[in-house]
Enquirer: 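Below you'll find the structure I mean.
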Amino acid sequence: MKEVIKLTNIIDAHVHLRTIADKRMPLCTPHTAKFVSGMLPMPNTNPHIYTSEDARKYRQEIELVLKHFELLGTVDIFPTIYLTPQTNVNDLVAGYLAGDVFSCKQYPRGATTNSAEGVSGIKEMFPIYQVMEKYGIPLHVHCEMPMDVDVDIFDSEKFAIQEMLIPILDNFPNLKVSMEHITTKKAAELVSSGRYPNLVATVTPQHLLYDRNKMLRGGLDSNLYCMPILKRKEHMEAIRNAVKNDERGVFLCGTDSAPHFKTDKNECGCAGVYSAPVFVEAYVKAFMEMNVLEKLQAFMSDNFCKFYGYTVPEAMQKTVVVEQVEPWKVPDVYDGIVPLFHGEELTLRARVQ
Ligand code: NCD
Ligand code: ZN
């Protein structure tokens, strides 16, 4: 076994842990929690996480599961709330100051899983952004157009950058913004340009590894169907290029691991790639293909800490070793959920040191 890389204090800045009630939280949380020092769980659960009280309770729910797997206290949780035009700013600020809320997530109305209550126009959100900017509360943007706008699904991110993201950035220059799961050349270039010093982006493993052919050619692989959808190769290459040449530390690990039971995938083709069981290997594979393994530590952890001004507490510090191993087959399914690389052979394996 040959060591490929050691990574310290990995933080997954975008992960869907779901809930105990929908049965997915206990199945997927340990995969992520085992390897990371911190995780930022998305608020599009059922019911959604709208208020600071919801965020506090959701944290407790996650902690209950962590306790069950003897992982409590080994991983930090960054609670985020689901932003709507009705978000109560007093509650948000109080929750932020109390440490119950870390940030806010904005969904485009109707464009992805559980986003029907999301945002359809940004103007109505301006008073909320203003308060967030004042208090330093970060904003995560799912940058696609709302469902009621007639736009091709492959162009949705591009339009939303122009129509939604840039106006936010121009009007609130001190607001910390993370563009989530970027998929286009336009996004990659905007983030790396430095034009907006308070803008970063998360990048999923699938958007670093694949273009849309992987999902569409030779039969549709709905397990790779996620929002924003995989794009043409030129976009994947632009994202790779930006991550590879990132000197400013603006690209962050955010798996967007989004578990849906196989039965639900079959029935409605729900959007989401379940990468949690293999996310470390997936990023290492991508960075090896890009020939920039030396950039991985910054991407997996340091860039997050720098942008959010965060220090990993001693009890949560972890080292993950990734080794070159004999080929092992990724299971076709984990607990009823099909993972990234399902049925494929991998020659990398991650373990906690
Ligand atoms: C996510 C999910 O299933 O919750 N799905 C996805 O395709 N990425 C929602 C999201 O992050 O858009
Ligand atoms: Zn997501």
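In listed order, ligands and their atoms are each counted from 1. Heads up: numbering here begins at 1 and tracks the sequence.
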Enquirer: Is the cationic atom of Lys105 (NZ for Lys, CZ for Arg) positioned less than 6.0 Å from the six-membered ring centroid of Tyr82 and within 45 degrees of its normal?
Expert: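 Because its charged atom misses either the 6.0 Å distance or the 45° angle limit, Lys105 does not stack over Tyr82.
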Enquirer: With a 4.0 Å heavy-atom cut-off (strictly under), which part of His260 contacts ligand 1: side chain, backbone, both or neither?
Expert: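 Side chain only; the backbone of His260 stays clear of ligand 1.
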Enquirer: Quick one: look at Met42 and ligand 1, take heavy-atom pairs under 4.0 Å, and tell me if it's side chain, backbone, both or neither.
Expert: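 For Met42, there is no contact with ligand 1 at all, from either part.
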Enquirer: Decide salt bridge (charged side-chain N to carboxylate O under 4.0 Å, His left out) for Lys6 and Glu3; before the verdict, give the C-alpha distance in whole Å, the side-chain angles of both, and the deciding distance to 0.1 Å.
Expert: CA-CA 8 Å; Lys6 262 197 185 98; Glu3 182 180 310; 3.5 Å; yes
Enquirer: Relative to the heavy atoms of Asn44, which atoms of ligand 1 are at a distance of less than 4.0 Å?
Expert: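 Every atom of ligand 1 under 4.0 Å from some heavy atom of Asn44: 2 (C), 4 (O), 9 (C).
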Enquirer: Taking 2.8 Å as the limit, list every protein N, O or S atom around the Zn ion (ligand 2), by chain and residue number.
Expert: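 N, O, S partners closer than 2.8 Å: His14 NE2, His16 NE2, Asp256 OD1.
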Enquirer: Side chain or backbone, does Tyr107 bring an N or O within less than 3.5 Å of an N or O on ligand 1?
Expert: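 It does not: no N or O of Tyr107 is found under 3.5 Å from an N or O of ligand 1.
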Enquirer: Would Tyr283 and Phe287 count as a close aromatic pair, with their ring centres under 6.0 Å?
Expert: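 No - the distance between ring centres of Tyr283 and Phe287 does not fall below the 6.0 Å cut-off.
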Enquirer: Could you tell me, atom by atom, which parts of ligand 1 come under 4.0 Å of a heavy atom of His181?
Expert: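 What qualifies from ligand 1 is 11 (O).
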Enquirer: For Thr80, check side chain to side chain donor-acceptor pair (under 3.5 Å) against everything at least two apart and list the hits.
Expert: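 Residues passing side chain to side chain donor-acceptor pair (under 3.5 Å) with Thr80: Ser103.
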Enquirer: Out of Cys226, Gly118, Ala271, whose heavy atom is nearest to atom 5 (N) of ligand 1?
Expert: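 Ranked by closest heavy atom to atom 5 (N) of ligand 1, first place is Ala271.
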Enquirer: Is the terminal nitrogen or CZ of Lys123 (NZ for Lys, CZ for Arg) located under 6.0 angstrom from the six-membered ring centre of Phe126 and within 45° of that ring's axis?
Expert: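 Flagged: Lys123 positioned over aromatic ring of Phe126.
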Enquirer: Tell me whether the NZ or CZ atom of Arg232 lies within the 45° cone about the ring axis of Phe154 and under 6.0 Å from its centre.
Expert: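 Judged by the rule (NZ or CZ under 6.0 Å from the ring centre, within 45° of its axis), Arg232 is not positioned above Phe154.
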